[in-house]
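Read the structure below first, then the notes.
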Amino acid sequence: EILETEEDILVNLVPDDPLDSRDAIIEVRGAAGGAEAAIFAEELFKMYETWAMDSGWSFDPRQDSGGHIAAVGSPEGDAHRWLKFESG
C-alpha cells in the first residue's frame, strides 16, 4: 500500500499535459556498431513492445527493415505521458 501511495505521489508531481493522452512513436536503430548494435536495438525494441503490452496499450510495429537495423512501433493509449522524456 505504501509503494502504491508513493507511485501516486510521483505521478501527481508531474503536471498534466494536454498531449498526455496521445499515442507515441518509438523508433530504435542499431546505428554504428555493426551486428552487436543491431542485436541490442532489437532487444531494446522488444522491451518497449513488451512494456507497452503489459501497460494495456495496443502496439503496432510499423516497420522492421529485416536485419534488425531499424524498427518503429506505435503504442496506442496514454503512451505519450510515459514516453515523452525518452531519448538517446
Side-chain angles (χ1 to χ4, degrees):
E1 186 175 303
I2 292 174
L3 291 175
E4 198 172 290
T5 303
E6 183 178 331
E7 185 176 326
D8 289 341
I9 290 170
L10 291 174
V11 167
N12 289 319
L13 284 174
V14 178
D16 287 337
D17 182 340
L19 303 177
D20 279 350
S21 62
R22 293 190 171 195
D23 301 342
I25 295 176
I26 298 172
E27 179 178 5
V28 179
R29 294 185 178 273
E36 289 182 26
I39 291 169
F40 177 76
E42 178 186 23
E43 290 175 1
L44 184 65
F45 186 78
K46 286 181 181 179
M47 180 208 63
Y48 276 117
E49 183 175 21
T50 301
W51 180 62
M53 299 302 243
D54 289 347
S55 296
W57 304 328
S58 60
F59 192 86
D60 177 23
R62 305 261 171 126
Q63 172 187 351
D64 187 358
S65 63
H68 315 297
I69 303 300
V72 177
S74 179
E76 298 169 358
D78 63 342
H80 185 266
R81 176 183 179 105
W82 300 102
L83 296 171
K84 64 184 166 187
F85 299 113
E86 291 288 313
S87 67

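Values reported hereafter were calculated over all heavy atoms of this structure, with side chains retained and with hydrogens, waters and symmetry mates removed.
Every residue two or more places apart in sequence or in another chain that forms a side chain to side chain contact (heavy atoms under 4.5 Å, CB included) with Glu86 is listed here: Tyr48, Leu83. With sequence neighbours left out, the side chain to side chain contact (heavy atoms under 4.5 Å, CB included) criterion links Leu19 to Asp17, Arg22, His80. Taking Ala52 as the reference, Trp57, Phe59, Pro75 meet the side chain to side chain contact (heavy atoms under 4.5 Å, CB included) condition, with sequence neighbours excluded.
In this structure, Ala32 and Ala37 approach most closely via the heavy-atom pair O-CB, 3.5 Å.
No more than 12 heavy atoms of other residues, nucleotides or ligands lie within 6.0 Å of NZ in Lys46, so this atom counts as exposed by the packing criterion.
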